[in-house]
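Please read the structure below before turning to the comments.
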Amino acid sequence: MSSVGGNEERWSRLVATCLVGGVVFGLSIWGLCAAAAQSPSSPGRSWNITSPFKNKKKKPIRVYMDGCFDMMHYGHCNALRQAHALGDQLVVGVVSDAEIIANKGPPVTPLHERMIMVHAVKWVDEVIPDAPYAITEDFMKKLFEEYKIDYIIHGDDPCVLPDGTDAYAVAKKAGRYKQIKRTEGVSSTDIVGRMLLCVRERSVSDKPQHSSLQRQFSHGHSQKFEDGVSAGGTRVSHFLPTSRRIVQFSNGKGPGPNARIIYIDGAFDLFHAGHVEILRVARGLGDFLLVGIHTDQTVSAKRGAHRPIMNLHERSLSVLACRYVDEVIIGAPWEISKDMITTFNISLVVHGTVAESNDFQKEQDNPYAVPLSLGIFKVLESPLGITTMTIIKRIVSNQEAYQKRNEKKADSERRYYEDKTYVAGD
């Protein structure tokens, strides 16, 4: 009996020793991790104290998409949204001015403006300036090794070089190419065509009853271009707005209970770098930026029968894609009422110094009269001196060159629509 009792006693001591040792070991590991996390010799290091042996995070999938992004529109933005959905991080290459001139003709917007536009798209993580028009072996190697790109993305519309070869042949051969669906109803060529037609139509008739060019184009029926392609090679737009597209572009969240809400309104026609920069400044004044977009009828009444160039839904999507914008009012009223300020809990109404018309404070029916009377109106210094008329004048002043550019693009546009097939995933 005494030997059995001694064995039990020794066994109990052994178990107790093991338990104590395990606790001490565990506490030691915890202490080492905590000390390392607080060590001044390793700033910025992040340690998981609860799981010191946890595996490293999975490498993010990085995708690359390039483009001219000239006169950037919601079609470009939708392409970038689709590209981002194919990975975790989206790197965008913006083609240089010289490369665009050599392959397509003169760009309407210079590189620095196109860089501002691409940077502002909410789905873009990094931007590479002066990207080549075609993916070469050397540039592809740079993308893979320096930028750690996993896949190169492009739309289902063909991108053909002047010599007739595929601009993405190298990427396809490497097995690192993925395709997305082109956004129907809009292209930079189409938008330039709308403005060129505007110039021609205005020379024929400047009568007050002359119908809006934009409305003819956006509904796909111009009396002179019922065959679907304009004289300049531009296909008539068939943009079909859907609620799903608006949801895809929306942030899907409202302001917090104590958020400072900033409101700015306008036409935002031919959404450009000047718009982006004033929205960036406005967003910096609060926690939530609400943007009011005026109706086609309001813009036509204030800017002339041939405006806007882009219809309300097209303009709304362009603004929604901007990373500085939290929410839009589609078809905002011209005049800001006290009821509207209360409904949306607006803290401050702002307006830029650069606009097509800054006579609003001199008008009898000042649209900002109510926020002015409440002391919540502020005029912001516009970072860029660009308006929609700036863009239109660039095209009008170089009309012949852009006419040739559009005619050059006509065949590929026509072939795309004739040969297109359904592409899933948009």
Side-chain angles (χ1 to χ4, degrees), residues 72-82 84-85 89-90 92 116-125 127 241-295 298 310 312-352 355 367-368 370-371 374 376-384:
M72 194 162 184
H73 49 73
Y74 65 91
H76 291 133
C77 298
N78 193 45
L80 295 173
R81 179 190 65 80
Q82 292 180 76
H84 188 274
Q89 296 171 355
L90 174 60
V92 180
I116 289 172
M117 296 300 294
V118 176
H119 265 295
V121 176
K122 64 173 72 173
W123 299 288
V124 174
D125 297 294
V127 183
T242 64
S243 58
R244 186 170 67 92
R245 181 72 75 226
I246 292 173
V247 170
Q248 289 170 337
F249 274 51
S250 299
N251 287 345
K253 56 185 179 181
N258 300 312
R260 178 173 167 81
I261 300 171
I262 311 299
Y263 179 75
I264 185 169
D265 62 0
F268 298 100
D269 195 17
L270 300 177
F271 195 63
H272 52 71
H275 291 139
V276 167
E277 286 295 271
I278 195 64
L279 292 175
R280 177 182 60 80
V281 173
R283 181 63 176 81
L285 297 176
D287 309 303
F288 192 91
L289 182 60
L290 176 64
V291 180
I293 304 174
H294 297 145
T295 65
T298 297
M310 311 289 283
L312 176 60
H313 286 93
E314 291 177 308
R315 294 182 282 122
S316 298
L317 288 175
S318 293
V319 175
L320 272 173
C322 181
R323 68 172 71 248
Y324 309 118
V325 176
D326 295 289
E327 179 65 288
V328 303
I329 299 176
I330 302 174
W334 178 252
E335 294 183 9
I336 301 170
S337 65
K338 190 173 188 305
D339 178 69
M340 178 179 165
I341 291 169
T342 303
T343 298
F344 291 100
N345 196 26
I346 295 169
S347 305
L348 182 68
V349 177
V350 298
H351 190 278
Y368 303 107
V370 172
L374 295 173
I376 60 167
F377 179 77
K378 184 176 183 178
V379 174
L380 305 179
E381 188 69 32
S382 298
L384 292 177

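The chain is numbered in sequence order, starting from 1.
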Could you measure the distance from the NE2 atom of His275 to the SG atom of Cys322? Nearest 0.5 Å is fine.
11.0 Å
Any side-chain heavy atom of Ser337 within less than 4.5 Å of one from Val370?
no
Are Gln82 and Asn78 close enough, and set up right, to give a side-chain contact (heavy atoms from CB on, under 4.5 Å), and what steps lead you there?
CA-CA 6 Å; Gln82 292 180 76; Asn78 193 45; 3.4 Å; yes
Does Glu277 form a side-chain contact (heavy atoms from CB on, under 4.5 Å) with Ser382? I'd like the steps, not just the answer.
CA-CA 7 Å; Glu277 286 295 271; Ser382 298; over 6 Å; no
Just by modelled atom types, is the Val325 backbone N or O under 3.5 Å from a matching donor or acceptor in the Asn251 side chain?
yes
Parallel, tilted or perpendicular: which describes the rings of His351 and Phe377, with under 30° parallel and over 60° perpendicular?
tilted
Of the non-hydrogen atoms in Ala282 and Leu289, which two are nearest, and what is the gap between them?
CB-CD1, 3.9 Å
Would you say Asp287's side chain and Arg260's backbone share a donor-acceptor pair under 3.5 angstrom?
yes
First locate atom CG of Leu374, then atom CD1 of Ile341, and finally report the distance between them rounded to the nearest 0.5 Å.
5.0 Å
Any non-hydrogen side-chain atom of Arg245 less than 4.5 Å from a side-chain atom of Arg81?
yes
If you measure from CD on Glu335 to OH on Tyr368, what distance do you get to the nearest 0.5 Å?
11.0 Å
Rounded distance (nearest 0.5 Å) linking atom CD1 of Ile264 with atom CG of Leu348
10.0 Å
Compare every heavy atom of Ala120 with every heavy atom of Val276, then report the nearest pair and how far apart it is.
CG1-CB, 3.5 Å
Close side-chain approach of Ile116 to Leu384, heavy-atom, < 4.5 Å:
yes
Where Phe249 and Cys77 come nearest, the two heavy atoms and their spacing
CE2-CB, 4.0 Å
How about Tyr74 and Met310: do any of their side-chain heavy atoms sit closer than 4.5 Å?
yes
Between Glu314 and Phe271, is there a side-chain heavy-atom distance shorter than 4.5 Å?
no
Here the gap from Lys122 atom NZ to Ser250 atom OG, rounded to the nearest 0.5 Å, amounts to 6.5 Å
Heavy-atom side-chain contact between Tyr263 and Pro371 under 4.5 Å
no
For the residue pair Asp125 and His84, establish whether any side-chain heavy-atom pair is separated by less than 4.5 Å.
yes
Thr298: side-chain contact (heavy atoms from CB on, under 4.5 Å) partners, not counting sequence neighbours
His294, Thr295, Lys302, Trp334
Among Val291, Leu285, Asp326, Val349, which one satisfies side chain to side chain contact (heavy atoms under 4.5 Å, CB included) with Ile262?
Leu285
Any side-chain heavy atom of Val124 within less than 4.5 Å of one from Arg323?
yes
Ile330 vs Ile246, side-chain contact (heavy atoms from CB on, under 4.5 Å): CA-CA, chis, key distance, verdict
CA-CA 11 Å; Ile330 302 174; Ile246 292 173; 4.3 Å; yes
With Phe344, which of Leu290, Asp339, Ile261 fulfils side chain to side chain contact (heavy atoms under 4.5 Å, CB included)?
Leu290
To the closest 0.5 Å, what do you measure between CD1 (Ile278) and CZ (Phe268)?
9.0 Å
Check for a donor-acceptor pair, side chain of Arg315 on one end and backbone N or O of Asp269 on the other, with a separation under 3.5 Å.
no
